[in-house]
Amino acid sequence: MKTVVEIHRSAAVEYFDWIQRNSQPPFGSRDIAQVFDDELRAELIRTDGLPANAVQNTSFAIPYWIWRFNSNTWIRYVIKDRSTGLFGGVSRRVIITDFSETRLS
């Protein structure tokens, strides 16, 4: 399965704020922010959007997941699967819809 991670436009401001916070001294830098972003995306791709501690909420028409990426980063995301090709291949889009420093619900 091919998995890609996208930032939904509704989360763009929170995403850029998250990058900015992780870029600020004394504890952050542009390199640290890039590492966090790379690791977040890599873990979602490695697990096909289902990291071990992600929690699914099915009480809405479109199920979503909440995942605590690190001690101060929570994300909300949806997963969209699409069949590809004649042989049953699947591509998966993990679409991040919210970033927060506090627990999301």
Side-chain angles (χ1 to χ4, degrees):
M1 173 181 324
K2 179 181 178 185
T3 301
V4 296
V5 176
E6 303 171 11
I7 309 300
H8 191 271
R9 67 179 172 268
S10 66
V13 170
E14 290 88 357
Y15 170 72
F16 290 116
D17 287 349
W18 178 69
I19 293 293
Q20 187 66 24
R21 280 192 308 274
N22 287 299
S23 298
Q24 297 299 311
F27 302 110
S29 70
R30 288 183 97 32
D31 290 339
I32 289 173
Q34 187 64 56
V35 167
F36 283 166
D37 188 41
D38 291 348
E39 288 300 315
L40 180 138
R41 291 170 187 269
E43 183 63 10
L44 287 170
I45 290 169
R46 185 185 71 76
T47 62
D48 292 324
L50 302 170
N53 60 344
V55 177
Q56 185 181 27
N57 183 323
T58 58
S59 62
F60 291 92
I62 299 174
Y64 65 85
W65 283 259
I66 302 288
W67 178 44
R68 185 178 188 182
F69 167 63
N70 62 25
S71 64
N72 64 348
T73 305
W74 293 80
I75 64 168
R76 179 182 299 126
Y77 61 95
V78 297
I79 294 175
K80 298 286 186 179
D81 290 337
R82 185 175 62 135
S83 297
T84 59
L86 299 172
F87 301 104
V90 175
S91 67
R92 175 167 283 182
R93 293 170 54 211
V94 176
I95 306 163
I96 298 173
T97 59
D98 200 2
F99 277 83
S100 180
E101 290 183 321
T102 59
R103 185 181 181 114
L104 293 165
S105 57

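Hydrogens, waters and symmetry mates are skipped; everything else that's a heavy atom, side chains included, is used. The shown structure was predicted, so the numbers you read here are calculated from the model rather than taken from an experiment.
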For this session: Identify the heavy atoms of Glu43 and Pro51 that sit nearest to each other, and give their distance.
Result: OE2-CB, 4.3 Å
For this session: Kindly give the heavy-atom pair with the smallest separation between Asn70 and Arg68, and that separation in Å.
Result: O-CG, 3.3 Å
Exercise. Per the side-chain contact (heavy atoms from CB on, under 4.5 Å) rule, which among Thr97, Leu44, Asp98 passes with Ile75?
Worked result: Leu44
Exercise. Under 4.5 Å between side-chain heavy atoms, hopping through other hydrophobics if needed: is there a path connecting Trp67 to Val78?
Worked result: no
Exercise. Does the pair Ile62 and Lys80 meet the rule for a side chain to side chain contact (heavy atoms under 4.5 Å, CB included), with working shown?
Worked result: CA-CA 10 Å; Ile62 299 174; Lys80 298 286 186 179; 4.0 Å; yes
Exercise. Of all heavy-atom pairs between Phe99 and Ala11, which one has the smallest distance, and what is that distance?
Worked result: CD1-O, 4.4 Å
For this session: First locate atom CD of Glu101, then atom CG of Asp17, and finally report the distance between them rounded to the nearest 0.5 Å.
Result: 9.0 Å
Exercise. When rounded to the nearest 0.5 angstrom, what is the spacing between CZ in Arg41 and CD in Glu6?
Worked result: 9.0 Å
Exercise. What distance do Thr3 atom OG1 and Leu50 atom CG have between them, rounded to the nearest 0.5 Å?
Worked result: 9.0 Å
Exercise. Between Phe69 and Trp18, what is the ring plane arrangement, given parallel below 30°, perpendicular above 60°, and tilted in between?
Worked result: perpendicular
Exercise. Hey, what do you get for OH (Tyr77) to CD (Gln56), rounding to the nearest 0.5 Å?
Worked result: 9.0 Å
Exercise. Between Asp31 and Ser29, does any side-chain donor sit less than 3.5 Å from a side-chain acceptor?
Worked result: no
Exercise. Under 30°, 30 to 60°, or over 60°: which ring-plane class applies to Phe60 and Tyr64, parallel, tilted or perpendicular?
Worked result: tilted
Exercise. Cluster question for you: counting only ILVMFWY and a side-chain heavy-atom cut-off of under 4.5 Å, with indirect links fine, are Ile79 and Ile66 together?
Worked result: no
Exercise. About how many Å separate CD1 of Ile32 and CD1 of Ile19, when rounded to the nearest 0.5 Å?
Worked result: 12.0 Å
Exercise. Do the side chains of Ile45 and Leu40 join up, straight or via other hydrophobic residues, at under 4.5 Å, putting them in one cluster?
Worked result: yes
Problem set entry | Rounded distance [0.5 Å steps], CD1 in Ile7 versus CG in Asp37 | 7.0 Å
For this session: Report the C-alpha separation of Thr102 and Trp74 in whole Å, then their side-chain angles, then the decisive distance to 0.1 Å, and conclude whether the side chain to side chain contact (heavy atoms under 4.5 Å, CB included) test is met.
Result: CA-CA 7 Å; Thr102 59; Trp74 293 80; 5.6 Å; no
